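Below is one structure, written out as structure tokens; the observations come after it.
Remember, predicted model here, so these are calculated numbers, not experimental data. Side chains included, hydrogens not; waters and symmetry mates left out as well; all remaining heavy atoms used.
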Protein chains: 2
Amino acid sequence: MAQDTREQLLDAAERLFSERGVRASSVRDITRSAGANTAAVNYHFGSKLGLLQAVCARRLKPLNAERIAGLVLLAEAPETPRLECILRAFLQPAFTMFREHPEFMRLFAALHVAPDNMRSLVYRNTDSEQLVRMLRKTLPRALPEASAQELFWRVHFIVGAMSIAFTGSPDIGLLSAGEVARDSDPVMLERLIDFGAAGLSAIPAFEALALPGDSR
Amino acid sequence: MAQDTREQLLDAAERLFSERGVRASSVRDITRSAGANTAAVNYHFGSKLGLLQAVCARRLKPLNAERIAGLVLLAEAPETPRLECILRAFLQPAFTMFREHPEFMRLFAALHVAPDNMRSLVYRNTDSEQLVRMLRKTLPRALPEASAQELFWRVHFIVGAMSIAFTGSPDIGLLSAGEVARDSDPVMLERLIDFGAAGLSAIPAFEALALPGDSR
DNA sequence: GTCTATAGGTGGATAGAC
DNA sequence: GTCTATCCACCTATAGAC
């Protein structure tokens, strides 16, 4: 049952890392929760950080594959892709993943802004380079006016906004108790596409300030 | 030198929490880095979490005070405030704080999407309720068409985007090595205001999907 | 207020039997 | 591949002298 133990460890780690944080989840907690013995993590993944990396790769690889496939379709079409379609190709798979594995997407959101030492692990073996390549191929076609620098940051702003959609905000319930309900995931996706498409299309009011390094 | 030790502890904790994470920074590391003795944290703050709360309150209280003051000015003006001005009142103080204490704003960004147990501490004694009240008073004037629900989430999207501006992204340097440089802070502020104002003004394409709970 | 010493517990990782 | 037992470094918090 080697495969089975491996999967159970990944499941348990994903859940505990997400709920309590990576550092706060001990290898002992994880193996106990997975019904495995204490040494299993080190046997299967080498170390706790190896386990974290495997947790990320398991979800990010298919997620990015789906994103890339959608973007390739848009890139191959003869007409210029609509901005909303590009955003949907990027965001829809993430929301689908969130429906199926909300714990992972919350963990992923947290790792996104975590201290550097952890961030470097997350993207290994996830085809992220190819995803970025496809974004850089499709987005400028829909937004020929925008500089690469501008697009780069705006895409990352959208990633930050997505993280909030997945984690909620600390204010929710604390500051607006009862007044604002959590929306369903499909609504949040549409909300984010509307927001992101408008943000990406914004006309910079400060073009004159752009740095020399800001080329293309 | 009681005050002095206290401040030094806050400084050291802010830096270490930000660089390594809260959990990864031990009380011993903090006291050593502050030049204080091991028991100082417990004497001055009761516990490690008490120290974290004090670290947050020290920065968030003046930050929110500045934001609130700016929003009050806009609210008292006879004419309808421009959306960009409201956003600037909210974002400018944060970027000023980032210039003076980048470690704190990175820590704050990380805590924003951290597991729940830590988030509850952050906002105590920070006048966040009043800040939200002022946003809810000013924003609908500039955006009378948008529902409260819509505005709520879009403001949070902007907060998520801001977090990315402060922490950078894991992709930076990793996926786009050398091609995209980090911009100066003032440029990032203007970038975020442009992006956020456009996003806030976006016309929802899915109004029909809005939930019954989505009032006002 | 500051310090040392230490209690009392948990951490990741491994050795070696099965 | 799985398990037990164990190493030892490290953690937070406190007691009690100064």
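- Listed nucleotides: dT2(D), dA15(C), dC3(C). Nearest to the side chain of Tyr43(A): dT2(D).
- The CG atom of Asp29(A) sits 17 Å away from the P atom of dG9(C) (whole-angstrom rounding).
- Comparing dG12(C), dA13(D), dA15(C) against the side chain of Lys48(B) picks out dA13(D) as the nearest.
- Heavy atoms of Ser25(A) sit under 4.0 angstrom from primed sugar atoms or phosphate atoms, though from no base atom.
- In this entry the distance linking CG of Asn37(A) with P of dT4(D) reads 7 Å, nearest Å.
- The residue among Ala36(A) and Arg28(A) whose nearest nucleotide of DNA chain D lies closer to the 5′ end is Ala36(A).
- When the C1' atom of dT2(C) is taken as reference, atom CZ of Arg6(B) falls 16 Å away, rounded to whole Å.
- Residues Ser33(B) and Arg15(B) have side chains that bring a donor and an acceptor to within less than 3.5 angstrom of each other.
- Side-chain nitrogen and oxygen atoms of Thr5(A) include at least one within less than 4.0 Å of the OP1 or OP2 phosphate oxygen of dT2(D).
- Contact of the His112(B) side chain with the Ile164(A) side chain is registered, since non-hydrogen atoms from C-beta on lie closer than 4.5 Å.
- Nucleotide dG11(C) holds its P atom 8 Å from the CZ atom of Arg23(B), rounded to whole Å.
- Checked against the 6.0 Å centroid threshold, Phe95(A) and Phe166(A) count as a close aromatic pair.
- Cation-pi geometry between Arg67(B) and Phe90(B) is satisfied (NZ or CZ under 6.0 Å from the ring centre, within 45° of the ring normal).
- Across dT4(D), dT14(D), dG1(C), the shortest atom-to-atom separation from the side chain of Thr38(A) is found for dT4(D).
- The distance between atom CZ of Arg20(B) and atom C1' of dC11(D), rounded to the nearest whole Å, is 14 Å.
- Look at NE2 on His44(A): it is 12 Å from C1' on dC3(D), rounded to the nearest Å.
- The listed nucleotides are dA13(C), dT14(D), dA13(D); the one nearest the side chain of Ser47(B) is dA13(D).
- If you look at Phe195(A) and Phe195(B), their ring centroids are closer than 6.0 Å.
- Atom pair Leu49(A):CG and dG12(C):P shows a separation of 10 Å (rounding to whole Å applied).
- For Asn42(B) and dG16(D), the CG to C1' distance is 15 Å, given to the nearest whole Å.
- Within the 4.0 Å cut-off from OP1 or OP2 of dC10(D), not a single side-chain nitrogen or oxygen of Ser26(B) is found.
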